[in-house]
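The figures that follow rest on heavy atoms only: side chains count, while hydrogens, waters and symmetry mates do not. All residue numbers in this chain count up from 1 along the given sequence. Everything quoted here is computed from the prediction, not taken from an experiment.
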Amino acid sequence: MVKVTLKDDVVKEFQSGTTVMDIAKSIGMGLYKAACLAKIDGETCDLRTPVTKDCHVEILTFDDEDGKKAFWHTTSHILAQAVKRLFPNAKLAIGPSIANGFYYDFDVDFPFTPEILEKIEAEMKKIVKENIPLEQFDLSADEAVKLMEEKDEPYKVELIKEHAGKGEKISFYKQAEFTELCAGPHIPDTGRVKAFKLTSIAGAYWRGDEKNKMLQRIYGISFTKQSELTEYLERIEEAKKRDHRKLGKELGLFALRDEAPGMPFFLPNGMILRNTLIDYWHEVHERWGYLEISTPQIMKRSLWETSGHWDHYKDNMYTTVIDGEDFAIKPMNCPGSILVYGLEPHSYKELPLRYGELGRVHRHELSGALHGLFRVRCFTQDDAHILLAPDQIRDEVVRISQLFDEVYNLFKLPYTIELSTMPEDHMGTKEEWDKATKSLSDAIESIGKEYTVNEGDGAFYGPKLDFHIEDSLGRTWQCGTIQLDFQLPERFNLEYTGADGEKHCPVMIHRVVFGSVERFIGVLIEHFAGAFPLWLSPVQAVVLPIADRHADRAHEIEAELKKYGIRVKVDDRSEKIGYKIREAQLQKTPYMLVVGDKEVENGTVSVRHRGEGDIGAMELSALRDRLVDEIKTKAIK
């Protein structure tokens, strides 16, 4: 017998060799049917895994992150099996779960059309109905290569030969006639995938290398219930309406041109939005004690060698030669801040020293990865670099977190925090990394915030806290980050004079709150569906004269409101008032001010609000005070 500790520390005894699936069934049929995966002493495993010793067992469902991953990964296997049934000559590449669903890459000599996707979905439904069990087995590397060669799967052969260590067993999963190279884990059978949809097709280079063959990638999503799929697809349709690229064009915010791929053009309305956001950034950072600087766009190779970027980031940097020397356009602002710090000696009394910089940076992204304002090659980082003493780390991280909290709450953006630890490609010792990581976790815990750990995803110079904001559709975006750096100050020989009169090396914190101004604007466009709060709206009010004889009064209203900094314009085109109102609504204008005979006679204005509808007649002074107050408080209506 073995003792199994379950949820809430409940301990039960089972025969040695009892599978986790049977343990779930003993707890209840509801849990058994919902189970996707298990954890035995913290390690994920299939439900068919036997329990052979005393241990802690956790049953995971689709509601758990790892359960979702296994569910979606299994659905990718169902997709691959369906494609192989319909198109036996298709070559299989990879098919992982991703943040929202799964994909599979195929090498076929024809395009996957929408009609073909329908046929694949129909075949997938048959596979689900067959309720095929997924069975794991191992082969030696030689046996694995032989099997995949027999099945004419060259991409699988390549993966096996590259990753198989000496004597290592290679894991496969089998479902009926279909066998897949895979480490798992998976849900027990295909019958549990009750609802799915193939959502899109894209091109993808094998292994992400543009020198390799272009494969066809099929994306999909799946759920345990049809109602969940329906709700998801409705959210996707809403997301399409909110697509920042579509709204950016319709609202005249920005443009993307082939002449400058990945480098957006901001149009007049977009510049108003951008500058208003930046004005807010200046106000916040001045209040929180930051000193603004600006550093050069292009600096010598020697600087980037000292910083480590030349060795760790060169493939993403744009370089040039000036006067026979190598230079690089900056992909990050941090070395510039370091040079500013090094211009004069510093005392412990000055620390923390907070440099803020809205720095334009350039990074080479693959053309296939570019996406509107979300993935660009040229953007403005709302950076800050803070030089401080080691014993100031906790208080400063708390302070930064409070600034982030203020900013995200203003936009009604809830967030979660993720702690990323030491990657394989890193500078510094493990002891330094452990110390830095503990400093971050202690700071977040001290203010009662929860966080998750993302192992191995820190920057090459230090661990970091990433702030993932959630928009109005429930999607998450990684924007803010706090990165702790013990490495760069040492590499640049930075120092300050301590209270003991001796020289000490400061610690550096890298942090951004928006992440990049461009990307944050893209997030806000989709979060608000282009209907920005009044203080951010490029046009805050439009005056609509009913007839030409009302135009003079409309322009008087415009002039009066402009005195108070309100962004207002007159639409005096010879169009019907209904048409003008619809146009203003399509442009997401917050306030529409209608002027006709009655309004001219009474000295009022008829007010319509984008969200509230017809507010009625108002004295101009009362309207002015309402708008000024709404702008000042940055209210969201």
[Y] side chain reached by [X] side chain, heavy atoms, under 4.5 Å:
X	Y	result
Ile40	Thr49	yes
Phe106	Leu79	yes
Glu162	Arg207	yes
His364	Asp315	no
Phe112	Ile120	yes
Pro533	Lys412	no
Val523	Phe374	yes
Thr476	Thr416	no

With ring centroids as reference points, do [X] and [Y] lie under 6.0 angstrom apart?
X	Y	result
Phe110	Phe87	yes
Tyr415	Phe404	no
Phe102	Tyr104	no

Separation of [Y] [atom2] from [X] [atom1] (nearest 0.5 Å):
X	Y	atom1	atom2	value
Gln585	Gln587	CD	CD	11.5 Å
Asn454	Leu419	CG	CG	8.5 Å
Met422	Glu455	CE	CD	9.5 Å
Leu440	Leu465	CG	CG	4.5 Å
Asp107	Lys213	CG	NZ	3.5 Å
Arg519	Asp382	CZ	CG	12.0 Å

Show the nearest heavy-atom pair for residues [X] and [Y], with the distance to one decimal.
X	Y	result
Thr421	Val453	CG2-CG1, 4.0 Å
Ala176	Ile132	N-CG2, 3.4 Å
Gly458	Pro423	O-CG, 3.4 Å
Val361	Pro331	CB-O, 3.5 Å
Asn269	Gly252	CB-O, 3.3 Å
Pro264	Val376	CD-CG1, 4.0 Å

Under a plain distance cut-off of 3.5 Å, with no hydrogens placed, do [Y] and [X] share a side-chain donor-acceptor pair?
X	Y	answer
Thr190	Glu130	no
Ser140	Glu143	yes
Glu123	Gln81	no

Is any side-chain N of the basic residue among [X] and [Y] closer than 4.0 Å to the acidic one's carboxylate O?
X	Y	result
Lys125	Glu121	no
Asp243	Arg245	yes
Glu177	Arg85	yes

How about Lys197: does its NZ atom have over 12 heavy atoms from other parts shown lying under 6.0 Å from it?
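For Lys197, atom NZ is not crowded (no more than 12 foreign heavy atoms under 6.0 Å).
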For Glu43, is the CD atom crowded, meaning more than 12 foreign heavy atoms sit under 6.0 Å from it?
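Not buried by this count: 12 neighbours or fewer within 6.0 Å.
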What residues form a salt bridge (charged side-chain N to carboxylate O under 4.0 Å, His left out) with Lys119, not counting sequence neighbours?
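Salt bridge (charged side-chain N to carboxylate O under 4.0 Å, His left out) list for Lys119, sorted by chain: empty.
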Test of understanding: with ring-ring contact (aromatic ring centres under 6.0 Å, His included), list the residues that count as partners of His186, not counting sequence neighbours.
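His186: ring-ring contact (aromatic ring centres under 6.0 Å, His included) contacts with His73, His77, Tyr173.
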Take Ile521 and Ile525 through the side-chain contact (heavy atoms from CB on, under 4.5 Å) test and state the conclusion after the steps.
CA-CA 6 Å; Ile521 287 173; Ile525 292 171; 3.9 Å; yes
Arg242, Arg475, Lys240, Lys241 screened by salt bridge (charged side-chain N to carboxylate O under 4.0 Å, His left out) with Glu526, the one that passes:
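Of Arg242, Arg475, Lys240, Lys241, salt bridge (charged side-chain N to carboxylate O under 4.0 Å, His left out) with Glu526 is met by Arg475 alone.
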Please step through side-chain contact (heavy atoms from CB on, under 4.5 Å) for the pair Val57 and Phe14, ending with a clear verdict.
CA-CA 12 Å; Val57 171; Phe14 296 92; over 6 Å; no
Donor-acceptor pair, distance only, cut-off 3.5 Å: does the side chain of [X] make one with the backbone of [Y]?
X	Y	value
His527	Ser472	yes
His309	Met332	no
Arg217	Ala202	no
Trp72	Ser222	yes
Tyr408	Gly480	yes
Arg363	Asn316	no
Lys84	Ala90	yes
Arg48	Pro188	yes
Lys156	Ala93	yes
Gln175	Asp189	no

Could you check Glu418 against Lys464 for salt bridge (Lys or Arg N to Asp or Glu O under 4.0 Å), going step by step and ending with a plain yes or no?
CA-CA 8 Å; Glu418 185 178 69; Lys464 60 178 180 172; over 6 Å; no
Using a 6.0 Å distance limit plus a 45 degree cone around the ring axis, check whether Arg192 lies over the aromatic ring of Tyr32.
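Output yes; distance and angle both within limits.
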Mutual orientation of the aromatic rings belonging to Phe223 and Tyr232 [parallel < 30°, tilted 30-60°, perpendicular > 60°]:
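Tilted.
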So Phe266 and Phe254, would you call those rings parallel, tilted or perpendicular, with 30° and 60° as cut-offs?
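Tilted: the ring planes of Phe266 and Phe254 meet at 30° to 60°.
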Walk me through whether Leu60 and Cys36 qualify under side-chain contact (heavy atoms from CB on, under 4.5 Å).
CA-CA 6 Å; Leu60 304 180; Cys36 292; 5.6 Å; no
Taking ring pair (Phe, Tyr, Trp, His ring centres under 6.0 Å) as the criterion, tell me which of Phe514, Trp477, Phe379 meets it with Phe520.
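Filter result, single survivor: Phe514.
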If you look only at pairs with a residue in residues 119-161, which of them pass as a ring pair (Phe, Tyr, Trp, His ring centres under 6.0 Å), with sequence neighbours excluded?
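Passing the test, one end in residues 119-161: Phe137-Phe172, Tyr155-Trp206.
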Please determine whether side-chain contact (heavy atoms from CB on, under 4.5 Å) holds for the pair Glu180 and Ser76, giving the CA-CA distance in whole Å, both sets of side-chain angles, and the decisive distance to 0.1 Å.
CA-CA 11 Å; Glu180 172 69 295; Ser76 80; over 6 Å; no
